[in-house]
J.: 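Got a structure for you, questions after.
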Protein chains: 2
Amino acid sequence: MATISDVAARAGVSTATVSRTLNGKSTVDPELAARVVTAAEELGYQPNGLARNLRRQETAVLALIISDVENPFFTALARGVEDLAQTSGYSVVLCNADENVDKERRYLDVALQERVAGVVLSPTGPATNVALLRRLGTPVVAVDRPLAGTDGDQVLVNTHRAARDATRHLMAGGYRRIGCLSGPAGVRTADDRLTGYLDAVGEENALYRRASYRAEGARLAAGELLDLATPPDALLIANSTMAIGVLEALATRALRPGRDVGLVSFDDAPWATLIDPPLTVVAQPAYELGRAAAQLLLARIADHTRPVVTTTMDARLIVRESSHR
Amino acid sequence: MATISDVAARAGVSTATVSRTLNGKSTVDPELAARVVTAAEELGYQPNGLARNLRRQETAVLALIISDVENPFFTALARGVEDLAQTSGYSVVLCNADENVDKERRYLDVALQERVAGVVLSPTGPATNVALLRRLGTPVVAVDRPLAGTDGDQVLVNTHRAARDATRHLMAGGYRRIGCLSGPAGVRTADDRLTGYLDAVGEENALYRRASYRAEGARLAAGELLDLATPPDALLIANSTMAIGVLEALATRALRPGRDVGLVSFDDAPWATLIDPPLTVVAQPAYELGRAAAQLLLARIADHTRPVVTTTMDARLIVRESSHR
DNA sequence: CTGAAAGCGCTAACAC
DNA sequence: GTGTTAGCGCTTTCAG
């Protein structure tokens with residue numbers, strides 16, 4: 001593969017001149033510039049980003065580490081990050097931690113070693129090596145889930161309140177025994193949604209299960225609840241992927257959402273209006289979350305000393321048919 | 001940030017010894033090795049991947065460029081690529097071309113400049129700079145959609161036949177006026193699904209629209225078809241995202257899938273069984289496609305001269321209620 | 001405005 | 001088994 005010195009040789013100039021013309025930094029004699037450009041084209045020259053980054057000690061790529069590529073919430077968020085990054089000339093590479101602490105750690109390592117300009121992270125676990133990243137000067141902003149113990153930029157949604165309000169909505173709809181299906185303990189969004197629910201029903205009426213943030217786990221957990229001697233007459237569900245499992249559990253028991261079991265789920269999936277009855281949801285501003293996180297990250301990259309900020313956005317309850325009889 | 005020479009200095013050895021111990025290549029005296037390790041830990045040493053890659057002239061990262069992160073088909077594929085790459089110690093960075101030829105070109109450039117080990121590409125357009133990549137020695141394997149004009153490794157699904165069979169299934173179900181909603185012209189999967197459909201119904205009975213591979217476009221296009229003087233009594237839909245739009249179009253017209261309009265859609269979305277009636281689909285082996293593509297890529301990286309292979313997988317028709325009255 | 005040369009951090013010959 | 005040294009390909013002073 002052609003290098004900058006090949007180009008220099010062919011154009012009869014120094015490598016410095018080639019570098020200058022190709023980067024349009026300092027001004028160079030038009031005639032020489034022309035020679036450089038044609039030489040580069042003839043050789044099919046492609047700059048070596050590795051060498052450039054090594055020399056410049058910086059990279060124009062951001063890493064986005066999400067907990068689950070198959071969750072529409074995160075893909076929407078990813079698009080937000082991407083769209084904003086693009087406007088500033090950054091590329092973003094997406095890493096799927098898959099709700100797996102090891103994978104997350106590995107990706108964090110890669111990000112560090114490849115010296116990305118910054119990382120947007122939706123933490124799966126305690127993510128201890130974020131501290132390392134930050135200490136070594138790589139900006140990190142947490143999105144969706146806070147980063148325990150470290151004080152850095154964050155963009156979150158007020159998920160506790162959203163869960164509490166959604167539960168109250170169910171109570172207002174006349175449901176008397178409301179259950180909750182939340183995600184794994186230790187995942188902050190799952191914890192918050194659960195405590196929001198508990199706040200609304202009161203500890204003494206607690207009736208919940210925790211499962212993975214996946215359909216299968218939710219199906220089983222919902223089954224347990226539904227097969228209780230006194231089963232719940234309504235359910236708050238912590239995300240749209242889990243909602244699929246819950247809906248399956250209801251279907252196999254010939255239970256109809258709304259009439260038999262009131263339902264509210266987090267995340268406004270594209271299919272939420274397609275099912276019968278349409279699903280009442282707590283819509284999170286996923287795309288905006290992504291944009292905001294990217295914006296914070298870019299700002300932090302530009303100025304490492306600026307004050308730390310936490311942005312909190314609200315979720316919105318969209319009432320449809322599954323939450324009343 | 002600590003460098004290898006800092007570690008060397010602190011351990012009282014040469015940089016070569018540090019490199020050797022940390023990479024476990026050649027064998028080094030246990031006592032020195034121990035000193036190196038503790039020195040590295042004390043300094044919080046993190047190898048600089050850029051420098052290493054520059055020197056080694058190789059990277060352990062794969063790029064996966066997909067056409068749409070928000071399409072479950074591609075995210076399943078992504079997991080396949082990731083899972084396989086992981087087993088061989090490669091990281092994969094996901095780039096979302098967003099069905100946009102410019103973005104795809106930009107990511108291809110990034111891949112080239114960052115000197116990734118190889119790229120798995122689901123081409124959005126003619127992707128002319130793939131030729132460049134290959135010419136410069138970066139292996140590329142095409143997945144889902146073939147790469148026009150270049151002969152490289154590919155893993156595809158026999159989507160033409162799948163579309164034809166799905167259409168025949170609809171005909172066998174007694175539908176007489178079958179329409180088709182396919183993706184953009186020039187996108188090979190969209191073209192193939194359309195011609196498969198045409199093969200089944202015959203050119204003289206053609207009744208189709210093309211739209212973007214998104215819900216909104218499909219909703220509009222389906223509306224056009226449905227509002228015809230003699231509307232179709234069944235529809236073949238080119239992917240699950242479009243199916244959402246079609247279902248919306250039917251709902252606003254109080255048309256019931258199956259009874260009023262027979263439906264078969266490509267891609268077995270998680271919600272396909274949740275709607276009423278459940279959706280008949282053509283399930284593609286997305287995850288396996290990803291695995292196979294990654295495997296081919298790794299093989300190609302290991303041996304640039306091995307024969308080119310095209311793997312074709314079959315899709316599977318899953319009959320549910322939406323395709324009969 | 002241009003070229004020579006140093007050096008980013010690392011690995012791999014090559015010598016000892 | 002270990003150290004010295006020459007680069008990987010680029011950018012960027014520093015002279016001229």
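Just so it is clear, the model here is predicted, and its values are computed rather than measured. Chain letters run A, B, ... following the sequence lines, proteins first and then strands; every chain starts at 1. Hydrogens, waters and symmetry mates are skipped; everything else that's a heavy atom, side chains included, is used.
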J.: Indicate the atoms forming the closest heavy-atom contact of A:T124 with A:A97, along with that distance.
T.: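 Heavy-atom minimum between the residues: OG1-CB, 4.2 Å.
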
J.: Verify side chain to side chain contact (heavy atoms under 4.5 Å, CB included) between B:Q86 and B:V92, making sure each step is shown before the conclusion.
T.: CA-CA 8 Å; B:Q86 209 106 76; B:V92 4; over 6 Å; no

J.: If you find the nucleotide of DNA chain C closest to A:T15 and the one closest to A:L32, which residue's nucleotide is nearer the 5' end?
T.: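 Closer to the 5' end of DNA chain C: A:L32.
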
J.: Just do the side chain to side chain contact (heavy atoms under 4.5 Å, CB included) check on A:Q284 and A:L77 with the steps written out, would you?
T.: CA-CA 10 Å; A:Q284 300 190 84; A:L77 191 153; over 6 Å; no

J.: Check step by step if side chain to side chain contact (heavy atoms under 4.5 Å, CB included) holds for B:V13 and B:V28.
T.: CA-CA 11 Å; B:V13 298; B:V28 1; over 6 Å; no

J.: Please report the distance, rounded to the nearest Å, between CD1 in A:I4 and C1' in C:dG3.
T.: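 Distance check: A:I4 CD1 to C:dG3 C1' gives 13 Å.
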
J.: Does a side-chain N or O of B:T3 approach OP1 or OP2 of C:dG9 to a distance below 4.0 Å, or not?
T.: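 So the side-chain polar atoms of B:T3 never come under 4.0 Å of the phosphate oxygens OP1 or OP2 of C:dG9.
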
J.: In plain terms, say whether B:D102 and B:R105 are close enough for a salt bridge, that is, a side-chain N and a carboxylate O under 4.0 Å apart.
T.: yes

J.: As a quick check of understanding, evaluate salt bridge (charged side-chain N to carboxylate O under 4.0 Å, His left out) for A:K103 and B:D83, giving each step before the final call.
T.: CA-CA 11 Å; A:K103 282 195 190 178; B:D83 286 355; 3.6 Å; yes

J.: Restricting to nitrogen or oxygen on both sides, can you table the protein-nucleotides 13-16 of chain C pairs closer than 3.5 Å?
T.:
none

J.: So if I take residues 35-60 of chain B and measure heavy-atom distances to DNA chain C, which residues fall below 4.0 Å?
T.: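 Output list: B:Y45, B:P47, B:N48, B:A51, B:R52, B:R55, B:R56.
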
J.: Short of 4.0 Å, heavy atom to strand atom, which residues of residues 21-31 of chain A count as contacting DNA chain C?
T.: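 A:T27, A:V28, A:D29, in order of number.
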
J.: In terms of side-chain heavy atoms, does A:Y213 have a donor or acceptor partner in A:S67 at a distance below 3.5 Å?
T.: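 No pair is found: no donor N or O on one side chain lies under 3.5 Å from an acceptor on the other.
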
J.: If we only count heavy atoms from C-beta on, is the A:R20 to A:L32 side-chain gap below 4.5 Å?
T.: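 With C-beta onward as the side chain, the pair stays apart.
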
J.: B:V141 vs B:R300, test: side chain to side chain contact (heavy atoms under 4.5 Å, CB included). Steps then yes/no.
T.: CA-CA 9 Å; B:V141 358; B:R300 168 73 50 212; 5.7 Å; no

J.: For atom CZ of A:R188, is the number of surrounding heavy atoms from other residues, nucleotides or ligands below 6.0 Å larger than 12?
T.: no

J.: Strictly below 4.0 Å: does B:T17 bring a side-chain N or O up to OP1 or OP2 of D:dG3?
T.: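 For D:dG3, OP1 or OP2 has a side-chain N or O of B:T17 closer than 4.0 Å.
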
